[in-house]
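Read through the structure below, which is laid out as structure tokens, and then see the notes.
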Amino acid sequence: MSSLASLLSARIEAVAGIDPELRSATRPQFGHYQSNVALRLANSEGKPPREIAAQLVAKFEISDLTEPPEIAGPGFINFRLRTDVLTQAVTDELADPHVGVSQTSNPQVVVIDYSSPNVAKQMHVGHLRATVIGDCLRRVLSMLGHKVIAQSHIGDWGTQFGMLVEQILDEGIDASTLTLPEAEALYARASAHFGTDQDFAVRARRRVVALQAGDEETRNIWRELINVSLAGFNEAYARLGVLLTNDDLAGESMYNDDLPEVVAELERSGITVVDDGALCVFVEGFAAPMIVRKSDGGFGYSATDLAAIRHRVRNLHANRIIYVVDARQSDHFDLVFAVARKAAFLPDDVITEHVAFGTVLGTDGKPFKTREGTAVTLNTLLDAAEEQAAPPVALAAIKYADLSNGLNKDYVFDVGRMVQTTGNTGPYLQYAHARVTQVLRKATARGYGEQLKVLVLEEPAEQMLALLLTRFGDVVEDVGSTLQPHRLCNYLYELSGALAIFYEQCPVLQSSGAVRDSRLALCLATKRVLASGLTMLGIEPLERM
RNA sequence: GCACCCGUGGCUCAACGGAUAGAGCAUCUGACUACGGAUCAGAAGGUUGGGAGUUCGAAUCUCCCCGGGUGCGCCA
């Protein structure tokens, strides 16, 4: 099922010859949709815009969709959908299992790299964003009919494991009994130990070699560290209500065996240079080279990232690879993508995108830290929100605050604001859903027909609600292509506002006949869209609050 | 030094080159025997950091400044 807007757009384009850039009307008096197509054509044809508009309008074959279009202002063409078209569209949406979200005609394999915590460290505020945003994109793209493969690129490999393992042996700890916070404390001790004890540092470095060589004792302890970490991550994921499971794990260690071959392929492609003893790839436009192999012979994390791309293209057959990672890594990923292209790990028809998100700030406007200056853990954050609201509401508050702002900007973590039930917040949307659910619940008690249809749309509030409902599919599609969840948030907020006005002006239970049935249908359609939209944000649509 | 991101009412944020820059919070004024008032109606509040340019049209694009943040070859 294709949306009314896309249908109308196609009809206009058939006459105008160019994309009409149909937009939602910016004001009620401009109808439902507006197009600037005549203004743009006037530019190339050298005729007055309104004249062009008049010629176009005469040729449009859209009378089955809209009222006669109006030409306004400098040459805008305004469209108002016919009421019977709107009623039918909402009725169709009610019967649609996908709630008006069209299944893509071009299903892709989309790899989303997100969450990616580090072994032996608790997740903190940064991981909150990576996890919540990635999870939302995963849900949205799945809903659109793409095959989504989540990849959590956990930090389970590298030099830090040398000192971790050595510290465990020094202290005589059974690694399998550790909790994640205990493992993190161990990390801190190991790190300090490494800095102050030369002998320990030497042993730690030797231990890294043993790990890479596959020494059994070392590997066993390493595995225990991963296991206790995964237990901690999964606990956090369960609390967050995200989709991630162990099936989504694709840690750095997974690519370890590929690295020599990756580097060999790079060298064969002739793009590598040895500089200061390190194997580098220089790319035009980048100040610094990518260091693929360090002068000591070890592989850098860039090599792992290249191996990951190679794997995702060759084995997972990705058409699109999305990285949900902190904005501070933008330069790094630009370079990785560029090198991957040069090395032909990344064919031209495979898209890579870095969804770069900003930093979470405290109410003082500075990066969110504890008094001691350490990163705030995810659990601390959730605890703080749950002090002010019931868990599902607190979670909605946090996720929505994260998703409703533009991703590339920093945002202030202000619990007091985000748990408010008024304004553009998660709890407000949950409230709207609970309220409309309550009406339907009461109506059910009194009985209403199975086959709800929208037949009457006389009140402006009803029409506005119906119009917004028909846009849901377009909004989801837009988020799927732009990867900007805040647009879905804004839409749902607007819908909730329209529902509140409708609710105020159009009594449902006290009305009768076709009006009552229509209003119930509008309520049900709104409930379904809110539920679907909230679910895509990873927020639970509550039946009661 | 170079690069990238950000700068929009008191505060937090929208606006895919388009019409009179929109919301919410806070403030003020109204509407309550209320399908959940956790609401609705209304008011006030802006030379979109500054300047120049591009065009029919700029918060948006280009250039130069100012302010804030981040990143810049062997940590990941």
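Chain naming here is simple, since letters A, B, ... match the order of the sequence lines and numbering starts at 1 in each. For clarity, every value in this text was computed on a predicted model and none was experimentally measured.
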Heavy atoms only, 4.0 Å cut-off, all strands: where does [X] land among base, sugar-phosphate and nothing?
X      : answer
A:Q420 : nothing
A:P289 : base
A:D276 : base
A:A42  : nothing
A:D296 : nothing
A:D474 : nothing
A:H332 : nothing
A:S330 : nothing
A:F286 : nothing

Review point. With respect to the phosphate group of B:G69, does any side-chain polar atom (N or O) of A:K366 fall under 4.0 Å of OP1 or OP2?
Key: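 Looking at the OP1 and OP2 atoms of B:G69, neither is under 4.0 Å from any side-chain N or O of A:K366.
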Check your understanding: Would you say a side-chain N or O of A:N408 is under 4.0 Å from OP1 or OP2 of B:C6?
Key ->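 So the side-chain polar atoms of A:N408 do come within 4.0 Å of the phosphate oxygens OP1 or OP2 of B:C6, strictly under.
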Review point. Taking the same atom, C1', in B:A14 and in B:G51, what whole-Å distance lies between them?
Key: 27 Å
Review point. Less than 6.0 Å separating the ring centroids of A:Y301 and A:H332?
Key: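 When the ring centroids of A:Y301 and A:H332 are compared, they turn out to be within the sub-6.0 Å range.
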Revision key, fill the gap. Residues passing the side chain to side chain donor-acceptor pair (under 3.5 Å) test with A:E267, sequence neighbours excluded, are none
Revision key, fill the gap. With both pairing distances under 3.5 angstrom for Watson-Crick or G-U wobble, and | for a partner in another strand, the correct string for RNA chain B is (((((((..((((....[...)))).(((((.......))))).....(((((..]....))))))))))))....
